[in-house]
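Quick notes on the structure that follows.
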Amino acid sequence: MRGWGQLLIVALGGVLALMNLEPVAAANDDADPDGCSLAASGDVQRLITMADVEIRARSGNPAPGESTCTWSAYQRGLTADAPPDASLSLAFYHFANPARAEAQIQRIARDAPPPPSLVRTADPQDRIVGTDRTTVIARHGLDIAVIYAGQVQDMAHEKADWDYRIEALALQAVGAKVLGPVDDRATADTCHLVAAEHILALLTLSPSTIKPSLDGKRCFFSVKDGSGNIGAWVNNRGSAHLERENLGFNAAALKFQHDQTPFDPASNLVATADPTDRVVLNMEHPDEVWAVHGPYYVTLSLTDMTPAARAHPSWAYRVQRAALEAAGATIVPKPDIAPDPIVPGPVVARQADAPAAWTPPPHAAPPNAGLIEPLLHILAILARIRFFVMPVFIGLPILLSVWSSRAKSGGAKSRIVWWAVPAGVGPGLINMLFGTVITTKLIYHYGVAGSATVTATSDSGSRSNGRIILNHSVLIRTPDRQVISTSFASDDFNVYPPHNRTTYPGKGEMFTVRYLSHFPRDFVIVSDDGSPWASWMQCRNLRSAVEDARQKRDFAPDQEDYRKAYDDAARAEHDGGCDKDDGSG
């Protein structure tokens, strides 16, 4: 712990040296405060980790007028010499008078102009400066506090209100009276910084709703429309992806934007209250823009917009406006822009006209399914826990081999060593790499067909390949009208036919499953039949092919192959019943 804390203090000292911060202590003042008393450990913990940990604090007084503290997060029960999971450091400086404290802030602000503060305090003279997202400097009266948060965990760092809370912590440390956030945008996540109806009208003009989902600093909007079945929503074309980064201050955000898109033009189509706001356009793909407001850098990309939505005269303006809104900019309305289109709510058929539920084509289990179902059940369990089973498949044969090698040479036991390891490692690797594919195909063949819907999704608290694993609650209706409650996780990959990139039904969507009659927890989702969800999947693929072919044809209209490929893709979309425009006439 001592070595880690010293390293953080050295790193913090380096930050201060780069900022040319020169504390001048006041004469005849009270004793310097304990740095660890300036902030509550609970507030610090929320900034550096989302886990249930033990917080240990270490304070110091390097010089008159200077106090420091390093808070470190440890897994509970570890010894004192264990390395911390995350840390945060604070340095507090007390100056002789307010003018000297302000002079230090002014010196820092020359290189790092202060962003608009996210925190409202009782004293309008309170100041906030950030050299980057992990270093925040606050001033109140005679005092300055510097917080260095370069060792925090990603999950905590991506919380929507993280920037507000680190500013509030720095201001509280210098004695400022924090009154709360300046406005709702200070603590809002990316999905709530931009109005959902502004995103919806960029994607479709048909009667629809839009569903946001948040993944850390990223927000995804998916269009939903009425399928004609009561309570049965299916995905329609159209989605938006928003990602928001805090780069510390405006100059850093503008530099990052230029480095990412040096040859793309800036636009002045949207007026804002801040002259430093900037939007850059992707000339080849107008459905992608990059916006800067203050220290924030936002990427907005749209996919599968309908022609009617794309053709609206204010579409380009509204794309740029949405990106600036997501960055927190204040939009100044322009009277010469066409008014926003209004997307009506979804039209759902009356109960008397709508079928009660999706009924899949019948598929009874083969005659011998009852005998093989227990084996399939075991295979399904092994596939679901493949990451935990693999060490067992490897470890047990090795232990058996070690035990066998102690037998006499040439004995029956000694011969086990030659086949035990490959006999264990081989099935373990097969289960790890192909377990879900094998069980999915077997359950599809031996399972009974039923209809199903997702009733709820929840965060499992785990991640796979950097993505949050979601648990899906499912109701299955059997051919004899019984209802079975079960679930699956987003790392089960239980969709047939198997795909490299698996897409799952969303909440309320109707789809077909094949399940083992004696073990209904073991089921696969059918993505290639006529269910509402499968139909959307097939149309999405056809529309994607049309859009790809259109881009090639538009880029090289003189190429006969590209024109023919587009015509073939458009014909396939039409034959699949997927080319119905939403409101374009």
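For NE2 of His241, the number of neighbouring non-hydrogen atoms (other residues, nucleotides, ligands) closer than 6.0 Å is greater than 12. No more than 12 heavy-atom neighbours from other residues, nucleotides or ligands sit within 6.0 angstrom of NZ on Lys441. Heavy-atom neighbours of His192 NE2 from other residues, nucleotides or ligands within 6.0 Å: at or below the threshold of 12. Shown here is Ile342, whose CD1 atom has no more than 12 heavy atoms of other residues, nucleotides or ligands within 6.0 Å. Counting heavy-atom neighbours within 6.0 Å of Glu560 CD, excluding the residue itself, gives a total above 12. Residue-environment remark: CD (Gln75) stays at or below the threshold of 12 foreign heavy atoms within 6.0 Å. Counted within 6.0 Å of OH on Tyr562, heavy atoms from surrounding residues, nucleotides or ligands total 12 or fewer; the atom is thus considered open.
Among the candidates Trp533, Phe511, Phe493, the single residue satisfying the side-chain contact (heavy atoms from CB on, under 4.5 Å) test with Tyr504 is Phe493. Tested against Leu379, the residues Ile372, Ile443, Leu442, Thr436 include a single side-chain contact (heavy atoms from CB on, under 4.5 Å) partner, Leu442.
In terms of modelled atom types and a separation under 3.5 Å, the side chain of His285 and the main chain of Asp287 share no donor-acceptor contact. A donor-acceptor contact shorter than 3.5 Å links the side chain of Thr455 to the backbone of Ser473. A side-chain donor-acceptor contact under 3.5 Å links Ser267 to the backbone of Leu269. Put simply, the side chain of Ser531 gets close to the backbone of Ala534: a donor and an acceptor are under 3.5 Å apart. Checked by atom type and distance alone, the side chain of Asp492 pairs as donor or acceptor with a backbone atom of Ala489 at under 3.5 Å. Between the side chain of His377 and the main chain of Asp522, no donor-acceptor pair closer than 3.5 Å is present. Remark: side-chain polar atoms of Ser451 are paired, donor with acceptor, to backbone N or O of Trp358 under 3.5 angstrom.
Two residues are said to be in side-chain contact when any heavy atoms from C-beta on lie closer than 4.5 Å; Thr440 and Val495 fail this criterion. Contact of the Pro479 side chain with the Val448 side chain is registered, since non-hydrogen atoms from C-beta on lie closer than 4.5 Å. Side-chain contact between Tyr297 and Trp290 is present, with at least one heavy-atom pair separated by less than 4.5 Å. Side chains of Arg310 and Pro286 form a contact here, defined as non-hydrogen atoms less than 4.5 Å apart. A 4.5 Å side-chain heavy-atom check between Thr306 and Leu203 finds every atom pair outside the cut-off. Using a 4.5 Å cut-off on side-chain heavy atoms (C-beta onward), Phe263 and Thr261 make no contact. Between Asp163 and Tyr296, the closest side-chain pair of non-hydrogen atoms falls below 4.5 Å. Proximity of Arg321 to His198: side-chain heavy atoms (C-beta onward) are separated by under 4.5 Å at one or more points.
Side-chain contact check for Gln482 and Arg477: no donor-acceptor pair (N or O, by modelled atom type) lies under 3.5 Å. Of the N and O atoms on the side chains of Thr299 and Glu243, not one donor lies less than 3.5 Å from an acceptor on the other residue. Side chain to side chain, Ser239 and Thr303 meet the donor-acceptor criterion of an N or O pair below 3.5 Å.
If you take CD1 on Ile199 and SG on Cys219, they are separated by 8.0 Å, rounding to the nearest 0.5 Å. Taking CD1 of Ile476 as the start and CD1 of Ile484 as the end, the distance is 6.0 Å to the nearest 0.5 Å. Remark: Leu324 CG to Leu193 CG distance equals 12.0 Å, nearest 0.5 Å.
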> Is there a side-chain hydrogen bond (donor to acceptor under 3.5 Å, both in side chains) between Ser517 and Glu373 once you walk through the steps?
Replying inline: CA-CA 8 Å; Ser517 57; Glu373 278 191 4; 3.0 Å; yes
>> For Arg563 and Asp567: C-alpha separation, side-chain torsions, deciding distance, then whether salt bridge (charged side-chain N to carboxylate O under 4.0 Å, His left out) applies.
In response: CA-CA 6 Å; Arg563 294 199 303 271; Asp567 293 340; over 6 Å; no
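Checked against the 6.0 Å centroid criterion, the rings of Tyr515 and Phe523 do not qualify as a close aromatic pair.
A salt bridge is absent between Asp529 and Arg514; no separation between the charged side-chain nitrogens and carboxylate oxygens falls under 4.0 Å.
Applying the side-chain contact (heavy atoms from CB on, under 4.5 Å) rule to Arg550 yields the partners Val546, Glu547, Arg553, Asp554, Tyr566; only residues at least two apart in sequence or on another chain are considered.
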